Structure formats: C-alpha cells, structure tokens
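These notes are about the structure you will find just below.
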Amino acid sequence: MIAAVKTYFENLNLNDVSAERQAILRPLVDYIKAKNKSQQPINLTFICTHNSRRSHFGQVWAQVAAAYFGIQNVHSFSGGTEATACNPRTIAAFERTGLKVTKTTESENPVYEISFNASMAPVVAFSKVYDQVPNPAQGFAAIMTCDHAEANCPFIPGAERRLPIMYVDPKVSDNTPEEATTYDARCRQIATEIKWVFENV
C-alpha cells in the first residue's frame, strides 16, 4: 500500500464512530460477513444522486479497507440517479490523503484512476447511473449515501440489500473558505466508518 495512504488509514480513529452510527453501519458488517463466510463475491454499490462526491468516497475507501484487512472478493462500485461528473473537489480531497490520482480522459465527465497500492488495480472513478456498466446488475448491496437518492429510488433492481448509510453533502461548502476543510472532513468520516465496518467483519 502507498505509504502515505497506509499512514492516513491507520491514523483514522475508530472511537470517532458513535454508537448511533455503529447501529447504522452494523447491517453492512453483517452483509459482508455473510458473503465472506459463504465465499461469495462481495459487491458493494455506493449510491448518491449525482455520483460526484459521497458515493466515490465510499467506493474508494471500501476497496482500500478490504485490501488493508485482507478480505477477499470485495468489489466496490458507485453510481447515481443521474450522471454528472466526479467533482474535482472530491478528487482533490483524495489526493490530500496520499492516494495517487490519474485523469485518463478529458471530457465533461472525466475518468480517473485512483491508486492506493502499486501491485493492485486502481479504482476507476467517473460519474454514472447506478445500473450502468461496469456496475453489477444483480447480487449487490445498494448503500444509499444521501437522503435524496434514498427518497427518490424506492427500488433498486438487482440489489440483495438496501442499506441507508447517509452523509451530509460536502457541497454545502462549495466556493467558500471552508471548502477544502469540509471535503476533507467528509472524506475522513466516510473512510473512518468504512474502516470500522471492515474491522468488524
């Protein structure tokens, strides 16, 4: 694992995960445990409205956590109810954690490769609808990271489990002096909670 990413991940304090948040996260722990025990693929699709911020944080940190704890067959994805672009502020927050980010296309919806381990494939990040390739069409947990997606997607076709694990949108601080601080805090919160999940698998 990239040294800076490992340091960032190991310094995440699991005591920051409150009992209330643990109760929200526990069904995801149970889902991963059951899949792991039966040696089935563990497909996790993180969903928010525009697939631009929170869902990407979830996708990347789930893959990092799986690698760190040595949990096999974890495949993390992200999607939205509509496609826009992975927000550049999200990418900047990733880079500040030590993740290596490479933009591989130039378009309104660029494709990024986000690397945390030189010997493992990077996470490919771009905005897409939750059922768009390469996301799985069935056999996955739909992790709803925003209240708008939770309210406006009453049914996710193909999902085995629907797990509302919601976060405040860092967009609230866009174009303000608090922008980077807010994105870093949301990135760290999601990374910490995903670490707690995999620590308890």
Side-chain angles (χ1 to χ4, degrees), residues 9 12 14 16-18 20-36 40-69 71-84 86-87 90 93-94 114 116 123-171 183 186-201:
F9 193 76
L12 298 171
L14 298 185
D16 291 339
V17 184
S18 68
E20 179 183 6
R21 292 299 293 178
Q22 289 179 24
I24 292 168
L25 297 165
R26 180 63 63 182
L28 179 56
V29 173
D30 295 341
Y31 177 83
I32 296 171
K33 271 186 175 179
K35 286 290 187 179
N36 195 39
Q40 295 180 11
I42 303 165
N43 294 322
L44 309 175
T45 302
F46 294 84
I47 299 173
C48 69
T49 303
H50 298 121
N51 189 208
S52 60
R53 297 172 176 84
R54 291 161 288 179
S55 49
H56 284 293
F57 286 144
Q59 176 187 10
V60 170
W61 290 115
Q63 213 64 65
V64 171
Y68 182 84
F69 289 108
I71 299 172
Q72 303 298 312
N73 295 319
V74 174
H75 310 284
S76 60
F77 307 90
S78 66
T81 57
E82 59 184 281
T84 55
C86 183
N87 194 281
T90 303
F94 278 139
I114 301 174
F116 59 89
V123 177
V124 178
F126 64 98
S127 184
K128 71 201 81 66
V129 179
Y130 63 82
D131 59 357
Q132 180 182 333
V133 174
N135 291 358
Q138 59 184 5
F140 63 94
I143 302 163
M144 314 303 289
T145 63
C146 79
D147 53 4
H148 184 270
E150 170 69 0
N152 288 276
C153 285
F155 176 66
I156 304 291
E160 293 181 319
R161 291 291 306 275
R162 180 194 183 96
L163 305 171
I165 303 175
M166 290 177 277
Y167 299 94
V168 175
D169 194 345
K171 180 175 68 175
Y183 275 79
R186 193 64 60 246
C187 181
R188 179 171 287 273
Q189 179 192 7
I190 293 173
T192 302
E193 293 194 352
I194 293 295
K195 180 181 178 180
W196 185 91
V197 166
F198 281 86
E199 169 86 8
N200 284 279
V201 168

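In this chain, numbering begins with 1 at the start of the sequence shown. Values in this document were obtained by computation on a predicted structure and should not be read as measured data.
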Q: Please examine the side chains of L28 and L44, heavy atoms only from C-beta on, and report whether any two atoms are closer than 4.5 Å.
A: yes
Q.
With heavy-atom distances below 4.5 Å as the criterion, would you say the side chains of W61 and T192 are in contact?
A. no
Q) Would you say the side-chain atoms of E193 pair up with the backbone N or O of V17, donor to acceptor, closer than 3.5 Å? A) no
(Q) Could you tell me if R188 sits above the aromatic ring of Y167, with its cationic atom closer than 6.0 Å to the ring centre and no more than 45 degrees from the axis? (A) no
Q) Got F198 and V74 here, is their nearest side-chain heavy-atom distance under 4.5 Å? A) yes
(Q) Apply ring pair (Phe, Tyr, Trp, His ring centres under 6.0 Å) to residues F9 and Y68 and explain how you reach the verdict. (A) CA-CA 9 Å; F9 193 76; Y68 182 84; 5.0 Å; yes
Q: Take F116 and V123 through the test side chain to side chain contact (heavy atoms under 4.5 Å, CB included) and record every step on the way to the result.
A: CA-CA 9 Å; F116 59 89; V123 177; 4.3 Å; yes
Q) Okay, side chain of N43, backbone of G139: is any donor-acceptor separation there less than 3.5 Å? A) yes
**Q.** Spacing of N51 atom CG and T45 atom OG1 [to the nearest 0.5 Å]
**A.** 10.0 Å
Q: Determine whether Y183 and N87 make a side-chain contact, defined as any pair of heavy atoms from C-beta on separated by less than 4.5 Å.
A: yes
Q. Does the side chain of Q138 reach to within under 4.5 Å of the side chain of P157, using non-hydrogen atoms?
A. no
Q. Just wondering, do I156 and M144 contact through their side chains at under 4.5 Å, heavy atoms?
A. yes
Q: Please report the shortest heavy-atom distance between Q59 and S76, naming the atom on each side.
A: O-OG, 2.7 Å
